[in-house]
Amino acid sequence: MTRQLPDQAVFSAAGPLRGTAHLPGDKSVSHRALLYAGLAEGTSRVRGLSDGDDVARTRSALVALGVEMDGDHVRGGRSRLAEAERSIDLGNSGTGLRLLAGLAAGLPFLTILEGDRSIHRRPMGRVVEPLRAMGAAVDGRDGGRLAPLVVRGGDLHGIDYAPPVPSAQVKGAILLAGLAADGVTTVREPVVTRRHSEELLARFGATVETEATTGGGQVVRVRPGALAPTELDVPADPSQAAFLAVAACLVPGSQVRLERVYVGPGRAGFVEVLRRMGAAVEVVARDATTADLVVGHAPLTATTVGGAEVPDCIDEIPVLAVAAAFAEGTTRFVDAAELRVKESDRVAAVVAGLRAIGARAEELPDGLVVEGDPTLSPQGRVDAHGDHRVAMAFAVAALRGGPVTVDGFASVATSWPGFADTLAALR
Ligand code: S3P
């Protein structure tokens, strides 16, 4: 059972942040590592998984389907998987629900996927349509556009598909289904999204190829086949590192080291944005896709974030908007309409939160404008709208003043139950 957090938390300035932070395992990698280990015939070992509720739900979903879990060890295999007796509850996890839909599409029985109120409002047509095109029988509320989803899988054929929105979850779901399809499954991405699905499929022995296309896109192809068990260490989550990186940027005298952060394609966009804003971020490479980030305080200036850069930092925009509130000048986040269909409408929630602490911000249909003020002393009460990233972003804002009361702080348990403790340990 994931740790319960208080639903209301109060944050204030408490001096510089210094030292090395303990970050949780990457959430996107954790979901995929568990799902692939669940399909691989034999025992895999996955160390350093995210300890949030979202990943715990994916773990329970796999257990309900017949996978055995014992600490780091996952005993899986397609032959072990069988119809779950009950519907599977993915809680607040959009990644969990959408990826499970892809897995279920390849399983020759009925799977019912549901979640909390937030997830039942989020768009599911984006995964349902391609899975239906592959031959799965998928239904849901509103003609299959909303969860719960009811999936009767099996007898799939490969498709050649270009998702209408750039989405690593959609790509991941289609590739999971493609493992059980006849023939090759192709996903075309004009804008490349995080590559964990294809990188980890290769680690688990799948026949998967990627090909760069002109204009910065890529094509991913997967062939049907069994996965082989493997051992892996989940790197630290860049989306969580971003909260501490912005905290260090904002609080004078700070210097933090964030270790073994995944900085592969599609995830390190926030580092580039912060550097453009004048942040002091050193990236010390460990291997091809991980690095230590060393971040110190620096005065920030405004920037514009838009276009192909957006998928690379979509989850970090709430905390980047907080950074922008303390920067010199006006920062614009555009081409980011996807923010409106995350765990909350993050455009509305972040703009309301910024105003509630005394900052100036406006909504755009596809993003937000933040008028920065380096002298801002934030104070007030923010509604996180049950959204972990909004809650953590405003806890970070409070470090330049406060008190800031965050309502809905319990949502932080979905991705990082130890966030407040980690922040406190840096003082
Ligand atoms: C994720 C992809 C992104 C991201 C989410 C995690 C993933 O969503 O916002 O937090 O692990 O694939 P979309 O695929 O909807 O863009």
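Predicted model, so just to flag it, every value in this text is computed and none were measured. In each ligand, atom 1 is the first atom listed, and ligand 1 is the first ligand listed.
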N/O donor-acceptor pair under 3.5 Å between E259 side chain and A21 backbone: no

Once you restrict to heavy atoms under 4.0 Å, what part of R194 touches ligand 1? Side chain, backbone, both or neither. side chain

Ion pair R57/D116, N-O distance below 4.0 Å: no

Can you check whether V170 has an N/O within less than 3.5 Å of an N/O in ligand 1? no

With under 30° as parallel and over 60° as perpendicular, where do the rings of F419 and F243 fit, or are they tilted in between? perpendicular

In short, ring pair (Phe, Tyr, Trp, His ring centres under 6.0 Å) pairs touching residues 183-234 with sequence neighbours left out are Y36-F204, H196-Y262

Rounded at 0.5 Å granularity, tell me how far CH2 in W416 sits from OG1 in T422. 5.0 Å

protein heavy-atom neighbour closest to atom 6 (C) of ligand 1 works out as T95 OG1, 3.4 Å

Which of the atoms in ligand 1, numbered in the order shown and given with their element, are less than 4.0 Å from a heavy-atom of S167? 13 (P), 14 (O), 15 (O), 16 (O)

Does even one non-hydrogen atom of K342 get within less than 4.0 Å of ligand 1? yes

Closest protein heavy atom to atom 4 (C) of ligand 1, given as residue, atom name and distance to 0.1 Å: D315 OD2, 3.2 Å

Can you check which of H31, R32, K171 brings a heavy atom nearest to atom 12 (O) of ligand 1? R32

Please write down residue, atom name and distance for the protein heavy atom closest to atom 11 (O) of ligand 1. S28 OG, 2.6 Å

